[in-house]
Amino acid sequence: MGAYAKGRQIGAIGGGKKTMSRHYQFETGLSMTGSNADYRAPIKPSQEGLVVAALYNKVAAKLGGTAISTPSVEVAHLDKAAADLANSRGKALVVSGSNDPNVQVVVNALNNLLGSYGSTIDINSPVNYRQGNDQQMNAFINEAKSGQVGAVLFFGANPVYDHPRGAELAEALPKVALSVSFADRADETASLSKYITPVPHFLECWNDAEPKQGFYSLTQPAITLIFKTRQFQSSLLTWAGKPSDYQTYLKNYWRSTQYPKASGFSSFEAFWVKCLNDGVFEPNKGAAAAGGASFAGNVAQAAAGIAQRYKPTTGMEVALYEKVGVGTGSMANNPWLQELPDPVSKACWDNYAAISQKTAHDMSLAQNDLVTVTVNGKSVELPILIQPGQADNTVSIAIGYGREKAGKSANGVGKNAYPFASITGGYATYSAFTAKVEKASGTHVIAQTQTHDTVMGRQAVLQESILAKYQKNPKAGRYEPKVQTSVGPTDPTDITLWNGYGKPTHSWGMVIDLNSCIGCGTCVVACNAENNIQVVGRQEVINRREMHWMRIDRYYSSDGEAENYSAMEVASANPEVTFQPMLCQHCSNAPCETVCPVLATTHSTEGLNQMTYNRCIGTRYCANNCPYKVRRFNWFKYFDNDNYDYHFNNDLGKMVINPDVTVRSRGVIEKCSFCVQRIQESKLTAKKERRKLGADEVQTACSQSCPTHAITFGDMNNPESTISKILEVELEGRAFHVLEEINVRPQISYLTKIRNKDEEPKKEATKESHA
Amino acid sequence: MSHVTAAVRTPLVTGGKTYADVTEDISKQVEGNPTREWTIAFTIAVIVLIYGAACVFWTWWEGLGVWGLNKTVGWAWDITNFVWWVGIGHAGTLISAILLLFRQKWRTAVNRAAEAMTIFAVLCAASFILMHMGRPWMALWALPLPNTFGSLWVNFKSPLVWDVFAISTYFTVSLVFWYMGLIPDLATIRDRAKSKVSRYIYGAFSLGWNGSAKTWARYEYMSLILAGLSTPLVLSVHTIVSMDFATSVIPGWHTTIFPPYFVAGAIFSGFAMVQNLVLIIRVVYKLEDYITIEHIESMNKVITLTGSIVGVAYLTEFFIAWYSGVEFESYAFINRATGPYWWAYWAMMTCNVITPQLFWSRAIRRSIVWTFVLSVVVNIGMWFERFVIIVTSLHRDYLPSSWAMFHPTLFDISDYIFSFGFFFTLFLLFSKFLPVVNMAEVKTIIKSSSEKLPISVSGVAKGERVANPTFNKDVE
C-alpha cells in the first residue's frame, strides 16, 4: 500500500513531483482498490480471463509479442489501458486477483512483455504471508473422506468454515483417528476435532517469522499468559520429548542459523538483544539486486484454458470477495472490525448481495430486500445492497461472515458464502458463472454509517481536479469563494467577529492528502483502539449512532446536473469515488465552543478544541452546531451493559482499554482530541529530558497507523515539522479547508484529490471554481 | 380603573351582571364540590401524567438513546416540544401585560386563565430542558452558581445560558404577576369561606388583603410595574429562544429573521391555546356572560395578525435563501419543501398560513366551533414549524456523508404526552381551586362595559354570607 501511495503522491507530499501513476481496474464489484482507480470498468467474473487475454493481445500487438487466441470481449478502457501499458514499458505492472493459474500465466506473460521483471517486480524478495496449496488441501479432504488420514493437526486454520469444501471436511473429520486443533476457541474446526489444545494469542508467545524473503523478525510476549494455555510450538516440543521452553529453543535456533550471518557483534547475546530491540534482522540488507528471473510459462496453453473456461453468459453471476475489515472471517469476533464500515459500501455488521443499479431496477429490487442466491444447489438468503459500479447481472458477496462458533460478536452475523466457492481443476474459485437470484419475502436492514452517496456538487466540501490541470496550475480544482463587501470581493476568512486565540507554543494541525488516502479505514480502527471508543452494534449503527471519532466519508460522482438536487442524489452507474477522512477539525473559531452552556468544550493555547467530559451536561448543542458532524453523544452507557456486550463488559474485554484515556459515561459528548494524551505524554517526556519537543515527535493514532501516510500530524508553529514544510508549499497549492467559507478556521487542511485522467470527467463535484 | 366607554361599543359583560353576581358566579366554582366533568377530566389527566412520568423516568434511567435521535439529528421532539410550550406560554403575559398597558379591557375576562396557562406551559417547557440533557442531574451547572472549582463559570456566549436567564426571569415575573392578580380574589374567597381550613389557606395566600384604598393603590402600582417589566419579556424570551438557532452555523437555523418571526409565532400559538382552554372553561363553568363572543373574536384577530406575520416570515426565509446565493442555505429550504420531510413542511404551511386567514370571515371568527377547531390546527401547525426548523435543518446540513433521518420512538411520543398530563393536571387543579376569571378586574369594567348598568350596585352577594364586605369600595 505504501508503494502504491508513493506513486499517487504529488506536490509537497510526493517530494515535489508532479507526475503520478495511472491505475486501471477491471473488476466485478466496486472494491476499495477499484475505487482508487483512475479508470475502472466493471466486468463479469466470466469475462475475467478474456479481459486479461485481450489486454495481452492488445499490448502484444504494440510491443511485438505473439497473439493468443481467445474469444474477443468488449470492455471499456481496454484499448486505452493497453496503449498506456505499452507506452510505459519497464514502468508498468499488471496484477490479477484470480486464482486461475491460466489467468496468472497470461498476466505474467504480459508483465514479461512489459519488462516488469526486474523493474516493477522484485522476484527475489517475495512476501511470505500468504501461502497455500489448493491441490494438496483438496487431496487431503479427499483422503480424509475415504478414511485414509490417520492424524491431522490444525494450527491457525479453520478449514471447516473457510474452505470451499468445509462441509465435506466436517463430515470426514470423525473418520480421522487423531485430530488436534491448536486454537484459542472451539471454532468450527476445533469443535469437530477430538482434542483442542488451547493456544495463547501470538502476543503472549515467542516466535519468529520471515514475512518477506531475507527479512527475519521476532515476536516476544507483550504480556504473560492470561489463561492456562501453551503455545503450539511448546506442545510439539513436549510431545517430541524435548524441553518445552520455546524461548530457549528459538534462541538456540537463531544462534545456529542467524548468528553466523551477522557480523560486528561481540557475542550472540548482543546480537540477540539487538534483534529483539529492532524486531527484525536483515542479513542481506541492500545486497540483493532485482532481476535474474525470467518468464517461462506456456502462454498458448494458458490461452486455450482461458478460451475453454470463460464464455459469455446471460444470467446472473456471483463474485465472492473479502471485506477490508472482516477478511476471511478469522478475526470476525473482533467487534472493532465488525463495526468498521466497508470502505466502499459503508456497511458493517453484515454481508449482503451487492447488485448494480440497473440489475436492481430490472429485477424490481430495493435496498434491504431479501433475496435467495443459489449456486450449485446451495442457497443463501441475503439482503440487497445497491452498489454503484457493480457489473450488471452480477452479485458480489463477502466471505468471512456467518460464523457459528467464533464468539459472541461474530456468531450469526451475516451469512456464510464460502459454500459458493468451488474447486475448479484443483484450484479454489471464488466466483460462479451461473447463479440464481430470486426475491425472497421480507427485508433485512443493512447497517450503514453513511447513507447519502454523493457530495451534491459541494465544492466547499470536496475539491478535485485532474493531473494535466494540476501540472499547469497547482491550485487546479480549488474552490475559493469570495464574499461581496463594500471594498469588493473578500475572502470569507477576512471577515470575522472573533479575536481568535493565540497559539504561543504549539499549533497542532493535520494535513490529509486525498490522493494518498485509499479509504482503508486503518485510522478508524487505530483511533478506536487508542481512544477507547465504544462499539455499539448493528442496531445502533442502523440508528445512526456509531461512536467513531474518525470516519472516512466516501462520495460517488453523480451524473445529475447542477441544482437538479434529486438527480444529484443518485450516484453514477460506474462512479468516480473519493475518500475523505473526517474528524474533529479543531476549528479556531469553533462553533461548538460558543454554544456550550457550561464550557465543557473549550479552546487550548495549542489550537486544540478540548472536550471536558465530566463538565458536560449533554445538551448536544455542540453536536448540532458542528458543521462537520464529528461529535458523538453517549446515548446509553456502553460499558458494563449487557446490551452492549462487546469488549467493555467484563474484565477480559476491558484489557483493551487504553489507561491514558477516560472511558466516557452516558450522557456526555465525545470527539477527536488529536490524541491529546499522546501530545501530553511527549511534552512531559521532553520536559523530563530537558529538551525541546522534536519536530515530528507527536503522532496521533491515525497518522501513525496510516499505511499510505495520507495523514500528517504535527506542530504548525515549528518550521522544522513535516506539516509546516508541506503547508509552506501547499497553502498556495492543493491545501484547502473543508467549508472554508463559514470561517471556522480548521486546524486540518486537505490536499485536493488529483486523478490521473485525460479528459475532465463529467461530474458535478469537479466543475470549475467560480472566477 | 373606571373609565368611560362609548355607548356604541359592544358590552364586554353580558347578562346584566352585578358585582355580587360576578363574585357568586366565579367563586361558586371554587367553593362547590368538584363537578362530574372536572372529576373525569382530572382523572384522565392524572392517568396520562402517571404514564408519561413513567416514560420520562425510563428515559432518564436508560439514557436518551430510547429516543430516536442520532449523530446527525441531536435535537428533535425534545426541543420542538420545548419551543412549542414556551411559545404557548407567551399569550398569558401578552394579555396581562401588553394589553393592560394598551388598556384593552376585554383582557380582564381571560387574563387569569391565560396567565395560569403561561406558567404551566413554561413548566412543561422547562421539563423538556431537563429531559433533553444527557445528564439532567447536573442541570444546575447551567446556573452561574459559586462553586468549589474556582473560576469555573457558565459560558455567557451560549444561547442556552441566555435561555436559562430568559426563561427563569419570565417564569418568575409571570408567577408573581399571576399571584399578585390573584390576591384580591383570594381575599374574596377567604371572606366567603365557610370551613376553617379553606379560610386559613386562602387567608394565608391573600397576604392580609383588606380591600383598603391603600391596598388597591398598591395593587394598581404593582400591576403597572409588573406589566412594564413583563412587556419586554414577551418579546425577549422568544427572541432568545430563537437565538438558540439564529446564532448557530447550521443552514436553516442561521437566520436573522428568527427573533420577530419566533415572537409572532409564539403569540400566535399562545392565543390559539388560550382559545382552546377558555372555550372549554366558559361552557363548563357557565361563564358565557364574562367570556363572550367579543372576547373570542378579539383573540381571533390577534391570531390572524400574528399568523400573517408568521406566513410572511416563511416566505421571506425562502426568498432570502434564494437571494443570498449560499448553496447550503438554498438547499436547506429546497429540502424543507421537497425533501424527505416535505409532509412536515406542508403540514406547517397549511396549518399556519392558510388557517388564520379564514378568520377574515366574520362568521368564522365568531363561531365557537370554528375557533376551537382552527385553534387546535394552529397549534398542530406551530408544533410542525418547530419540528421543521429543527429536524429538517439538522438532518441534511453541510456534509452529505452525515445526512440522516430522524424517526420518533415510543419514548419521543410518550415524553411529549407526559407534558400534556402535567399541563392539564395543573390546569385542572387551578380551575378548581382558584377563580378562573379575575373577579376584581371584571368588576372594574362592570359599570363601563356591562350590557346593562345595574340599578343598585350591591357588594353583598345574594347569600348574605359576608357581613362586612370590603370589595365594593368604588361603589358610588
Side-chain angles (χ1 to χ4, degrees), chain A residues 346 449-458 460-461 540 543-547 551 553-555 563 565-566 569 580 582 591 593-599 615-637 665-669 738-739 741-742 744, chain B residues 62-75 79 129 132-139 141-142 149 152-155 157-164 244 247-250 253-254 326-328 330-331 334-335 338-339 390 393-394 396-407:
Chain A
K346 291 293 155 195
T449 57
Q450 180 181 344
T451 52
H452 192 94
D453 287 336
T454 62
V455 78
M456 302 298 285
R458 295 184 169 183
V461 176
E540 285 296 279
N543 294 346
R544 311 303 301 272
R545 291 175 184 165
E546 76 281 355
M547 298 300 289
R551 61 174 199 259
D553 291 346
R554 178 270 297 130
Y555 294 110
E563 299 192 13
Y565 292 111
S566 52
E569 289 182 19
Q580 184 174 44
M582 188 49 67
E593 289 169 15
T594 54
V595 299
C596 175
V598 293
L599 290 170
R615 177 67 172 168
C616 177
I617 58 174
T619 69
R620 300 182 301 293
Y621 197 176
C622 56
N624 288 334
N625 207 25
C626 173
Y628 307 96
K629 290 288 171 280
V630 293
R631 288 179 159 260
R632 296 289 177 262
F633 184 70
N634 285 269
W635 299 101
F636 294 107
K637 186 176 92 165
S665 188
R666 85 161 164 93
V668 305
I669 284 276
V738 173
L739 303 176
E741 67 196 74
I742 55 174
V744 294
Chain B
E62 273 300 290
L64 295 186
V66 300
W67 286 348
L69 301 173
N70 54 49
K71 62 178 179 178
T72 307
V73 183
W75 289 344
I79 302 301
I129 298 182
H132 97 290
M133 288 181 184
R135 303 201 298 166
W137 51 93
M138 301 298 189
W141 285 355
F149 301 105
L152 195 52
W153 208 231
V154 295
N155 182 6
K157 285 179 191 166
S158 169
L160 287 192
V161 168
W162 310 342
D163 267 352
V164 169
D244 290 348
T247 63
S248 79
V249 296
I250 302 301
W253 284 14
H254 183 80
V326 178
E327 63 175 323
F328 305 109
S330 309
Y331 182 78
I334 289 169
N335 182 50
T338 63
I390 294 168
S393 304
L394 284 177
R396 290 186 166 185
D397 66 342
Y398 288 105
L399 301 194
S401 67
S402 296
W403 289 4
M405 293 295 287
F406 163 81
H407 304 287

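Note: hydrogens, waters and symmetry copies are ignored here, and every other heavy atom, side chains too, is used. Just so it is clear, the model here is predicted, and its values are computed rather than measured. In what follows, every chain begins at residue 1, and chains take the letters A, B, ... in the order their sequences are listed.
Among the candidates V161(B), V154(B), L64(B), the residue making the largest number of heavy-atom pairs closer than 4.5 Å to chain A is L64(B). Between chain B and the residues D453(A), I669(A), I742(A), the largest count of heavy-atom pairs under 4.5 Å involves I742(A). Highest contact tally toward chain B, considering only S665(A), P627(A), A623(A), is held by P627(A) [criterion: heavy-atom pairs under 4.5 Å]. Most heavy-atom pairs under 4.5 Å with chain B: of the set Y565(A), Y621(A), Y628(A), this distinction falls to Y621(A). With chain A as partner, the option from D163(B), L69(B), V326(B), I129(B) having the largest number of non-hydrogen pairs under 4.5 angstrom is L69(B). When the candidates T247(B), L152(B), V164(B) are compared by the number of heavy-atom contacts under 4.5 Å with chain A, L152(B) comes out ahead. In terms of heavy-atom pairs under 4.5 Å with chain B, the best-connected choice from M547(A), Q580(A), K629(A) is K629(A). Chain B forms the most heavy-atom pairs under 4.5 Å with one residue out of T451(A), V668(A), N634(A), V744(A), and that residue is V668(A). With chain A as the partner, the residue from W67(B), W162(B), W137(B), W141(B) showing the most heavy-atom pairs under 4.5 Å is W141(B). With chain A as partner, the option from P400(B), S402(B), G63(B) having the largest number of non-hydrogen pairs under 4.5 angstrom is P400(B). With chain B as the partner, the residue from V598(A), T594(A), V461(A), V630(A) showing the most heavy-atom pairs under 4.5 Å is T594(A).
For I79(B), no part lies near chain A; criterion is any non-hydrogen pair under 4.5 Å. Only the backbone of V73(B) comes within contact range of chain A, judged by heavy atoms closer than 4.5 Å. Using a 4.5 Å cut-off between heavy atoms, N335(B) does not touch chain A at all. Looking at W253(B), only its side chain comes within 4.5 Å of chain A, counting heavy atoms on both sides. Interface residue R615(A): backbone and side-chain heavy atoms are both found under 4.5 Å from chain B. For a residue to count as touching a neighbouring chain, one of its non-hydrogen atoms must lie under 4.5 Å from one of that chain's; by this rule L739(A) touches chain B with the side chain only. Using a 4.5 Å cut-off between heavy atoms, R632(A) touches chain B through its side chain atoms alone. At a 4.5 Å heavy-atom cutoff, the contact between V738(A) and chain B is made by side-chain atoms alone. Interface remark: N625(A) contributes backbone and side-chain atoms alike to the contact with chain B (heavy atom separation under 4.5 Å).
Ion pair D553(A)/K346(A) not flagged as a salt bridge, since none of the NZ, NE, NH1 or NH2 atoms sits closer than 4.0 Å to an Asp/Glu carboxylate oxygen. We find that K71(B) and E540(A) are not joined by a salt bridge, their nearest charged nitrogen and carboxylate oxygen being 4.0 Å or further apart.
The closest side-chain heavy-atom distance from D244(B) to L160(B) is below 4.5 Å. Residues L599(A) and N155(B) are in side-chain contact: their nearest non-hydrogen atoms beyond the backbone lie under 4.5 Å apart. Side-chain contact check for R551(A) versus T449(A): every heavy-atom pair is 4.5 Å or farther apart. Residues M133(B) and M138(B) have side chains not in contact (no heavy-atom distance under 4.5 Å, counting atoms from C-beta outward). Counting heavy atoms from C-beta on, the side chains of S248(B) and N624(A) never come closer than 4.5 Å. Side-chain contact between E327(B) and E563(A) is absent, with no heavy atoms from C-beta onward closer than 4.5 Å. For the pair R620(A)/H132(B), a side-chain contact is recorded, criterion being any heavy-atom separation below 4.5 Å from C-beta on.
Aromatic rings of Y331(B) and W403(B) (six-membered ring for Trp) have centroids within the 6.0 Å cut-off, being under it.
No side-chain donor-acceptor contact under 3.5 Å links R545(A) to the backbone of W635(A).
Remark: H254(B) NE2 is loosely packed, at most 12 non-hydrogen atoms of other residues, nucleotides or ligands lying under 6.0 Å away.
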